[in-house]
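Okay, so here's the structure we're looking at.
Here is the naming used below: chain letters follow the sequence lines, and residue numbers restart at 1 for every chain.
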There are 4 protein chains.
Amino acid sequence: MNSKKERIFTAAIDKFSQKGSTNTTMQEIAETAGVGKGTLYRYFENKEDLIYSLIQYGINKMTNQVKEKISQVELPLEKLKIIVGAQLEFYDQHQNFCKFLTREIWGYQSKFEDYIKEIRSNNTVIIENIIKDGIERGVFKELNAETAAVSLSGMINITALHWFMFQDKFPIEKIRNDIIQLYFNGIKKSNI
Amino acid sequence: MNSKKERIFTAAIDKFSQKGSTNTTMQEIAETAGVGKGTLYRYFENKEDLIYSLIQYGINKMTNQVKEKISQVELPLEKLKIIVGAQLEFYDQHQNFCKFLTREIWGYQSKFEDYIKEIRSNNTVIIENIIKDGIERGVFKELNAETAAVSLSGMINITALHWFMFQDKFPIEKIRNDIIQLYFNGIKKSNI
Amino acid sequence: MNSKKERIFTAAIDKFSQKGSTNTTMQEIAETAGVGKGTLYRYFENKEDLIYSLIQYGINKMTNQVKEKISQVELPLEKLKIIVGAQLEFYDQHQNFCKFLTREIWGYQSKFEDYIKEIRSNNTVIIENIIKDGIERGVFKELNAETAAVSLSGMINITALHWFMFQDKFPIEKIRNDIIQLYFNGIKKSNI
Amino acid sequence: MNSKKERIFTAAIDKFSQKGSTNTTMQEIAETAGVGKGTLYRYFENKEDLIYSLIQYGINKMTNQVKEKISQVELPLEKLKIIVGAQLEFYDQHQNFCKFLTREIWGYQSKFEDYIKEIRSNNTVIIENIIKDGIERGVFKELNAETAAVSLSGMINITALHWFMFQDKFPIEKIRNDIIQLYFNGIKKSNI
DNA sequence: CATGAATGAGGCTTCATTCAT
DNA sequence: AATGAATGAAGCCTCATTCAT
């Protein structure tokens, strides 16, 4: 990856996460990246392309990181545990990207449609498949796998976002344990 | 509430949810509402004010609806059950507002900060308090109440959004049951 | 003169003199006059008409006041003395109108052309004729009467404006004497 | 001075003098200058800044021209003579600017306040000081120096404006002599 | 008669994009 | 290849004017 392109990526994520993509000017990105405005257009067709590329780049990075880790274990339960940890870790390392992504993904219908589908298939579907596998193996309850998968995604994503925005520190281990506990066994105390 | 103001509200939510607030022009809103451009400015100081008012109006409506319903039961468990149902119901009735809100709320610190705080205290905190109550009563596990509350919010919110965007129908009862089941007892099959 | 029309006139002069006619809205005038916005249009065709009428009204008032006074004396010298005093007095009584007028008169070419001509013939020409008369009678030097007339106008007008803007009080008698002294005998000390 | 900035200056003066600054659009200025609308904003922060800069630029130019000339003579009488000539000359060379300036300077307190003060101190005060000097030396009458200075300014300014607007030619030498004659010795024929 | 809600033309300004250097 | 001056489409907002009440 070209180092100048990386600088632009970083600058763009930085700005986008602070002010949103629409409120960030190409000028600002160029300045932050320390390149000329015209240079942006050597690496990206236009602003939209920059946003798309950014989403794709980040999603791929995150998905690959997650995929690699879950490939090392076999059981659905273990896989989900790893996903929660890996996802939180990634968000922690890339808070800005996380904010940016959340905002861009739940937004437009039209143009981003395809990208969103792709993100979905790259992300939620992974979880969905693990859950289906778990249901088949008889270790998970017979819930709608899609709902269950999206629920987990929502828990992780929104909790991370919430902590970023309203708290100073992000106690990742504690949060991970709570989410796993919650998602696996529920909030109710088992009253043997 | 003035009927023309309501028309503007509706038009704005409609457009904002489709294209995001920044990509929607005042012109478009006026046209959709069937009023003149200048009329918008009789009811709202400027575009920002329109967005603020919209968030506030919707949040209040939702919160009131939820608050009223949970006041009718006593047990934390029952309260949470009702919240899941009421929240999904509201989202179902106001899909566009739900999309708009999710998009506006997550992302930037910005000038919306205060509103977001308020929204939080009006919404997540309700859940948080119920959970704290449940923990004290010994019916809920000793998790971080904040994380647990935000997790539930995330589950409901993102699941609803997901169904709106990727599926034709919104089987509210089924989803409600799945989420409650998941949140109360977890995904793991109890292996007595 | 209708009292409501007078109130509008007064309000308009007040606002116009403070912010200029272009920066004053019909709304403001209506509010200051204590009437509805629509009412303005019962008395004036449009904003331009209001400005025109205002200029005309003020000029007429001033000219009449001056004309009446100079008709009481015969000699050119006496007439000029009276004009200086009367003009300063009028400006003093109608500072706002004076400011407004100066700004409007030395402005546009096009539309106001006719009005300006009229103002000129109503005002400067009076002085010009007195000067011509004085030259014929041999009491005034043989200067270009037009230049001499406009010069006096400029002296009076700009001096008044200057005092309004940069000094708290307007010592009208002192200024009148200085201007007369200056205009009649010049600044040079007569060196016997 | 950047040539494109000069072109904008010239275009702005041209338009402003014809229609007043408030009735001139940035669009028009851009077109007249032969540049794009956006280009104006590379050279001036906004319309107000353009007006300010214009006033300042012109005033400085005029004042410098005058100052330089009067520095070459010593006697108050000579200095004033030169000022009348230099000022008329400048107005003649920059008729449009003269119209623009007169219009902008007189009228409102507003935000231009500071600039007007500066203009005053750069312009009228020069005359005022010469007059004070002359009074001390015993060659000028003991009039209020401020009134005397502003009077001369008014004579020159308004006479120039008058000739520009109502006459085809501007017989600068003749006007200069008349004004000097008038200001030095008065209109009254000395009756030995 | 009087009012003020409603309108939309038009002004100022921003910013993605181009292109000459 | 890199730059940033230049551009003009497009957005927000104001305000003179109209007209139903």
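When both pairing distances are held under 3.5 Å, dG11(F) makes a Watson-Crick or G-U pair with dC12(E). Across the strands present, dT3(F) finds its partner in dA20(E); the criterion is a Watson-Crick or G-U wobble pair with both atom distances under 3.5 angstrom.
Other residues, nucleotides and ligands contribute over 12 non-hydrogen atoms within 6.0 Å of the CD atom of Q56(D). A 6.0 Å sphere centred on CD of E45(B) holds no more than 12 heavy atoms belonging to other residues, nucleotides or ligands.
Between N23(C) atom CG and dC12(E) atom P there is a gap of 11 Å when expressed in whole angstrom units. With rounding to whole Å, E28(C) atom CD is found 8 Å from dC15(F) atom P. In this structure, the CZ atom of F44(A) is 15 Å from the P atom of dA16(E), given to the nearest Å. If you measure from atom CG of D49(B) to atom C1' of dC13(F), you get 14 Å, rounded to the nearest angstrom. When the P atom of dG4(F) is taken as reference, atom CD1 of I29(A) falls 16 Å away, rounded to whole Å. For the pair E31(A) CD and dA2(F) C1', the interatomic distance rounds to 16 Å; values are reported in whole Å. Residue K5(D) contributes atom NZ, which lies 12 Å from atom P of dA6(F) at whole-angstrom precision.
Tested against F9(B), the residues F44(B), F16(B), F100(B), F97(B) include a single ring-ring contact (aromatic ring centres under 6.0 Å, His included) partner, F44(B). Paired with S17(A) under the rule side chain to side chain donor-acceptor pair (under 3.5 Å), one option of T102(A), T24(A), N96(A) passes, and it is N96(A).
Residue K47(C) places no side-chain N or O under 4.0 Å from the OP1 or OP2 atom of dT17(F). The shortest distance between the side-chain N/O atoms of R42(C) and the OP1/OP2 oxygens of dC1(E) is not below 4.0 Å. Between Y43(D) and dA6(F) there is a side-chain N or O to OP1 or OP2 distance below 4.0 Å. Look at T39(C) and you'll find a side-chain N or O under 4.0 angstrom from OP1 or OP2 of dT3(E).
Each of V35(B) and G38(C) was matched to the nucleotide of DNA chain E holding its nearest heavy atom; the match closer to the 5' end belongs to G38(C). Summary of the strand contacts: G34(D) and Y41(B) both lie near DNA chain F, and taking for each the nucleotide with the nearest heavy atom, the more 5' one is attributed to G34(D). Residue N46(B) is the one, among N46(B) and T24(C), whose nearest nucleotide of DNA chain F lies closer to the 5' end (criterion: closest heavy atom). Nearer the 5' end of DNA chain E, as judged by each residue's closest nucleotide, is the contact made by L40(C), out of Q27(A) and L40(C).
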task = Please lay out, stage by stage, how E28(B) and K19(B) fare under the test side chain to side chain contact (heavy atoms under 4.5 Å, CB included).
result = CA-CA 11 Å; E28(B) 280 176 294; K19(B) 318 168 44 177; 2.4 Å; yes

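Nearest nucleotide to the side chain of K37(A), out of dT13(E), dA6(F), dT17(F): dA6(F). Residue T25(A) places its side chain closer to dA16(E) than to any other of dT17(F), dA16(E), dT17(E). You'll find that the side chain of M26(D) is closest to dT13(E), out of dA16(F), dC12(F), dT13(E).
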